[in-house]
Amino acid sequence: MLIKSIPLVTSLIVATADTYEEYKADEQFERLELKLQKAEADVEAFKEKLAELDETDKQYISHTVTDILQSYGVEIYPMRREFLANMLIHDIKAFNNDDFDAYESQLIQKVFNRVADVDILMLGLFNKTYGDGSERMNKVLDDLQSRFESECNDLGTRVKIKSVIEDCLSNQLFEQKLVGKDGTHPSSLSAAEDNKALEISSLGNSLLSYVGNLSLIKSDEDK
């Protein structure tokens, strides 16, 4: 059974000039259909605007949507598919608002492909706990370890918060600053944990805006 039995997903694939024979109408795409139904007006507006573009302009957004759909089609983890669905809806809405940035979207996709789900969840939990501000590393480690484990127990293994943060730092999703006892940012200080503050980087915030500004996500199949 081809994906033609799933109206919104099919129409989106056809609108982006991709062939849909390779996409199967399995449970994965049924979940995407549920997600897209919540943004059906945006999808329809997207298709109408896309049809008005010349071929060169159309390719920018078409390639982006196609890449996300292809990634979604081969992904086996529900959480990852939830992130991809949110990225797809983000680009559709941005395009409708004349705010689509093909370069940024491609950059976010590359970042997304190299980071783990647990990194994205850490960003969301940090944002939920501390907002846009920074917080001392030792406080972050104490605050988030138990909360992260209790909320992410379905990951199946004990997660070391410090290791996740280090991975986020290496992928430039977090930034680290030195702080004095008065909260200022001196030019030099000891490298002790008490003197380090952590905050989400601009790249990390961009990634969150694409995948959904979240701490813990529940996919449509879990609700």
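The structure displayed is predicted, hence computed values, not measured ones.
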Determine, using the 4.5 Å side-chain heavy-atom cutoff (strictly less than), whether [X] and [Y] are members of one ILVMFWY cluster.
{"X": "Leu107", "Y": "Val211", "value": "yes"}
{"X": "Phe112", "Y": "Leu203", "value": "yes"}
{"X": "Phe126", "Y": "Leu141", "value": "yes"}
{"X": "Leu121", "Y": "Tyr130", "value": "yes"}

Tell me which one of Leu53, Asp42, Val65 satisfies side-chain contact (heavy atoms from CB on, under 4.5 Å) with Phe95. Leu53

Exactly one of Tyr77, Phe29, Phe83 clears ring-ring contact (aromatic ring centres under 6.0 Å, His included) with Tyr72, and that residue is Phe29

Atom pair CE (Met137) and NZ (Lys177), whose distance is rounded to the nearest 0.5 Å: 13.5 Å

Extract all donor-acceptor atom pairs below 3.5 Å that involve side chains of residues 163-175 and protein atoms in other chains or at least two apart in sequence.
{"unit_1": "Ser170", "atom_1": "OG", "unit_2": "Asp167", "atom_2": "O", "d": "2.7"}
{"unit_1": "Asn171", "atom_1": "OD1", "unit_2": "Arg114", "atom_2": "NE", "d": "3.0"}
{"unit_1": "Asn171", "atom_1": "ND2", "unit_2": "Asp167", "atom_2": "O", "d": "3.1"}

Quiz question: by atom type and distance under 3.5 Å, do the side chains of Ser11 and Lys47 form a donor-acceptor pair? yes

Would you say that more than 12 heavy atoms from the other residues, nucleotides or ligands in this model lie under 6.0 Å from the CG of Asn113, or not? yes

Is it the case that over 12 heavy atoms from other parts of the model lie below 6.0 angstrom from the CZ atom of Phe100? yes

Minimum heavy-atom separation for Arg81 to Glu75, with atom names? NH1-O, 3.1 Å

If you apply the rule side-chain hydrogen bond (donor to acceptor under 3.5 Å, both in side chains), what do you find for Asp91 with Thr64, and how did you get there? CA-CA 8 Å; Asp91 277 341; Thr64 297; 5.1 Å; no

Given salt bridge (Lys or Arg N to Asp or Glu O under 4.0 Å), test Glu82 with Lys35 step by step and report yes or no. CA-CA 9 Å; Glu82 178 79 2; Lys35 191 79 174 179; 3.0 Å; yes

